[in-house]
Amino acid sequence: MRTFHCTHCHTRLHFENSTCLNCGYAVGFDYRNLDFVTLTPAGTPGSYVNSAGRGGHALQYCSNAEMAACNWVIDPTEHPNGLCRACDLNRHIPDCSNPDHKEAWQRIEAAKKRLIYSILRFGLPLEGETEATGRLTFDFINEATTGHMNGVITLDLREADGVERERRRNLLDEPYRTLLGHLRHESGHFFWQLMIAEGGKLDVFRNVFGDESADYQAALQNHYDQGPPPDWQGSYVSAYASAHPWEDWAETWAHYLHLVSAVDTAMAERMLPTPAPVKRGFFARPRPVDPYRELSFANLQNMWLPLSVGMNSLSRALGHPDFYPFALAQPVGRKLAFIHDTIGAFTRDRSKAKRQRKQQPAVA
Ligand SMILES: [Zn+2]
Ligand SMILES: [Zn+2]
Ligand SMILES: [Zn+2]
């Protein structure tokens, strides 16, 4: 994630801030340009203008600001229901008269915002074009089974309880279990339908991940009864990934999103060296690197590997478990590269189609 600053006093802002802790100005995240705006109250209560004076319509906080601690701002003329782009994807929200459920939801929303940020940075859509893909939709339900069906991601509220999540992590012998990891994994099923099934890429997918037409329920049952194959580390990013090609894709997808997000953050925090300038004739220009737009997966991997090793050493130095408790075997690298290429091709095709639509003269 990039770093954000208050435009009034230039103090660093965190992604979750709704007030600048230095100057006290109200701040909010504007998803349209993926950046923060510093806000000055306008005439009517709850209405603001961009304090940098860039004009435009008045802004207001998303109507989930109080209940879900949402700090995203909207132009109400674009969002008549008062919900921001991320909150508008919710279908079932918890009963906030229960303070535990309200707190759980706030933690889930904070993780969900990071997922939506990444999707928007990639330029990926939040809506599919067919009924089977549906629209990315969230149901946050207490005591439900976490999973995905036709674009709807269900998340069990109990996953927001740190003690319960740790109990499940131990029970299932997982090295890593987080809310953001769950959400990234489940979003992978949505994007599989969109980019692979509907994108005509089933054959190439099967070459890399195997035949997904294998009976899914039987495969999961087998995974829970027998456990993963003993040598799963040689081919899969996690034990669960070995259950079925769909789960392999979703687990690898989540890791790809972890990787890009971590490299992006490390670059913003100046923890990675600035790439050498590109020479054109007499001039040398700094090479802008955006991990969300990087063409070469090898470049991303070359930044990620030393970073994850270094971060693991730092974690151990402080007595914490590994920051990134995974080893990426070569076949896993190929799967990550496939996901990288699939996203790149999909977003490039979409922007090309958009440009062509714009160039076409309107027909009366
Ligand atoms: Zn400030
Ligand atoms: Zn919101
Ligand atoms: Zn899954």
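Note that ligands are numbered from 1 as they come in the structure, with each ligand's atoms numbered from 1 the same way. As the structure is a computational prediction, the values presented were derived from the model and not from experiment.
- Classification of the Tyr216-His244 ring pair by plane angle, with boundaries at 30° and 60°, yields perpendicular.
- In this structure, Tyr240 and His185 have tilted ring planes: the angle between them lies in the 30° to 60° band.
- Using cut-offs of 30° and 60° for the angle between ring planes, the His255 and His258 rings count as perpendicular.
- Looking at Glu247 and the Zn ion (ligand 3) together, the shortest N, O or S contact belongs to OE1.
- Only one option out of Trp253, Phe346, Tyr256, Trp304 pairs with His340 in a ring pair (Phe, Tyr, Trp, His ring centres under 6.0 Å); it is Tyr256.
- Residues Phe138 and Met149 fall into different hydrophobic clusters, defined by Ile, Leu, Val, Met, Phe, Trp and Tyr side chains chained together at heavy-atom separations under 4.5 Å.
- When distances to the Zn ion (ligand 3) are checked against a cut-off of 2.8 Å, His189 contributes an N, O or S atom below that limit.
- Annotation: protein N, O or S atoms under 2.8 Å of the Zn ion (ligand 1) (waters excluded) comprise Cys6 SG, Cys9 SG, Cys20 SG, Cys23 SG.
- The SG atom of Cys70 and the SG atom of Cys87 meet at the Zn ion (ligand 2) at an angle of about 110°, given to 10°.
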Would His79 and Tyr31 count as a ring-ring contact (aromatic ring centres under 6.0 Å, His included) if you check the C-alpha gap in whole Å, the side-chain angles of each, and the deciding distance to 0.1 Å? CA-CA 12 Å; His79 298 263; Tyr31 77 87; 5.7 Å; yes

| message | Test ring-ring contact (aromatic ring centres under 6.0 Å, His included) on Tyr61 and Tyr48; report intermediate values, then the result. | response | CA-CA 9 Å; Tyr61 281 105; Tyr48 296 88; 5.5 Å; yes

